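Notes for the one structure printed next.
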Protein chains: 2
Amino acid sequence: MPTPHYGQPRYRVIADELRERIQSGAIPLGALLPPESALTTEFRASRGTIRQAIAVLREERVVNTEQGRGTYANPRWHDSALDKNSGSETRRRRVAADRELAALFAVEVGSLLVEEQTVARTNGAVRTVARTYHLLRTNK
Amino acid sequence: MPTPHYGQPRYRVIADELRERIQSGAIPLGALLPPESALTTEFRASRGTIRQAIAVLREERVVNTEQGRGTYANPRWHDSALDKNSGSETRRRRVAADRELAALFAVEVGSLLVEEQTVARTNGAVRTVARTYHLLRTNK
DNA sequence: AGAAATTTGTCCGTATGTATC
DNA sequence: AGATACATACGGACAAATTTC
């Protein structure tokens, strides 16, 4: 039998427990949390569930994760409002061609180009900025 | 709020949006798409829905997925799908953040970012230049 | 310097329960 | 009832970054 979810989901319970350990000092600030593999055996949960719990804490800025290293208890953990801003905004403007763009488009340096800049955010943090350039008055 | 679906199913809308980003160069050919986890938050859709959307693009050969690695924008798609005489080259390099990029990514001006530049040509003439930026060492 | 081990990142496939259109 | 979507959870596999030996 896989797993029904009554009341609180498991990953939230696990996240609460880990947050409590950090808050209480059982896990010192700046120290590494136990690796995911250890947490799976301790909580008897799958790795995916553990990672989901840690993702909650990461979102809350309680911890900070580095690939190949581990997950740290964030040394400066200030309660701040959670950004829920996700999505992307696109702005269009005219910019002067730098040397490289001018060469590519075969125009004079400083000629005006159309730039579309899209900023993609995930949970408030900028993930990608894309700048696309076209000639003026041309097909898009 | 659960989910009403008027008109197009959600996964098709998402597939259309991702296809558009690849077509426009916002996601450079050959580059990795954002991971499923990021797409779930950006589109506020469940993983199953995201996977369904990506499955559509995979069926269209717009993208290519590799286990343990990610989903790529198929480098050969532009040529076959849009126009035969167009080509595109993607170059990757490290650049210093200008003031605007630094502000967006919340880093110091001059910090190194990864820039992927895709030049799309039509019949030899440059049609679009797309420059996408993201942080070093973090995944897109 | 280099190989192995550790740890996180990502994807695959599957399954169950719930809710809405 | 069926299709769509969401939330949760499991297990396995390979990739990539870091540390350790």
Side-chain angles (χ1 to χ4, degrees), chain A residues 1-18 27 30-59 62-74 84 86 122-123 125 127-128, chain B residues 1-18 27 30-59 63-74 92 112 114 134-140:
Chain A
M1 307 291 113
T3 317
H5 49 282
Y6 303 114
Q8 284 252 325
R10 302 204 55 196
Y11 74 89
R12 235 168 258 158
V13 175
I14 295 172
D16 290 342
E17 168 65 21
L18 291 176
I27 297 176
L32 281 172
L33 271 65
E36 295 172 352
S37 56
L39 295 176
T40 56
T41 60
E42 174 179 351
F43 289 104
R44 294 204 180 90
S46 72
R47 195 181 157 214
T49 303
I50 297 297
R51 288 180 56 76
Q52 206 168 353
I54 291 178
V56 170
L57 301 180
R58 196 161 38 223
E59 194 116 341
V62 175
V63 300
N64 155 311
T65 299
E66 293 179 29
Q67 183 174 0
R69 276 211 137 169
T71 298
Y72 293 92
N74 198 333
K84 292 200 171 166
S86 286
T122 301
N123 299 317
R127 179 169 49 78
T128 305
Chain B
M1 310 269 233
T3 317
H5 56 281
Y6 303 116
Q8 288 250 312
R10 196 113 163 70
Y11 72 90
R12 288 206 176 276
V13 175
I14 295 173
D16 290 342
E17 167 67 21
L18 290 175
I27 297 176
L32 283 172
L33 270 65
E36 292 178 352
S37 55
L39 295 177
T40 56
T41 60
E42 175 175 344
F43 288 105
R44 301 181 191 283
S46 74
R47 190 181 159 229
T49 304
I50 296 298
R51 289 178 53 73
Q52 208 168 350
I54 291 179
V56 170
L57 300 180
R58 197 161 38 224
E59 198 73 12
V63 299
N64 177 353
T65 298
E66 291 180 27
Q67 275 211 3
R69 192 156 162 81
T71 297
Y72 290 94
N74 196 329
R92 188 174 194 155
L112 288 184
V114 175
H134 52 85
L135 292 171
L136 271 175
R137 149 178 336 182
T138 56
N139 2 315
K140 313 170 225 192

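Note that the structure is a prediction, hence the values are computed from the model and not measured. Every chain is numbered from 1, with letters handed out A, B, ... down the list of sequences. Side chains are part of it too, since the values below use all heavy atoms of this structure and drop only hydrogens, waters and symmetry mates.
When rounded to the nearest whole Å, the span between CD of A/Gln67 and C1' of D/dA15 equals 8 Å. When rounded to the nearest whole Å, the span between CG of B/Asn64 and P of D/dA15 equals 14 Å. Between B/Phe43 atom CZ and D/dC6 atom P there is a gap of 12 Å when expressed in whole angstrom units.
Near DNA chain C, meaning a heavy atom under 4.0 Å away, the residues from residues 46-54 of chain B are B/Arg47, B/Arg51. Residues of residues 32-41 of chain A that place a heavy atom closer than 4.0 Å to DNA chain C, in numerical order, are A/Pro35, A/Glu36.
If you find the closest nucleotide of DNA chain D to A/Arg12 and to B/Glu66, the one lying nearer the 5' end belongs to A/Arg12.
Shortest non-hydrogen contact noted between A/Pro34 and A/Leu39 is O-CD1, 3.7 Å. The shortest heavy-atom contact between A/Ile54 and A/Glu36 is CD1-CG, 4.4 Å.
Atom OG1 in A/Thr49 sits 14.5 Å away from atom CZ in A/Arg44 (nearest 0.5 Å). Remark: A/Arg69 CZ to A/Asn64 CG distance equals 10.0 Å, nearest 0.5 Å. Atom-to-atom distance recorded for A/Tyr72:OH and A/Glu66:CD is 5.5 Å, nearest 0.5 angstrom. Atom CG in A/Leu33 sits 7.5 Å away from atom CG in A/Leu57 (nearest 0.5 Å).
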Name the pairs: protein N/O against N/O of nucleotides 19-21 of chain D, kept only if under 3.5 Å.
unit_1 : atom_1 : unit_2  : atom_2 : d
D/dT19 : OP1    : A/Arg69 : NE     : 2.4
D/dT19 : OP1    : A/Arg69 : NH2    : 2.1

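A close approach under 4.0 Å does occur between a side-chain nitrogen or oxygen of A/Tyr11 and OP1 or OP2 of D/dT8.
Residue A/Thr71 places its side chain closer to C/dT8 than to any other of C/dT8, D/dC6, D/dA9.
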Test log, rule side chain to side chain donor-acceptor pair (under 3.5 Å), inputs A/Arg58 and A/Thr65: CA-CA 8 Å; A/Arg58 196 161 38 223; A/Thr65 299; 2.9 Å; yes

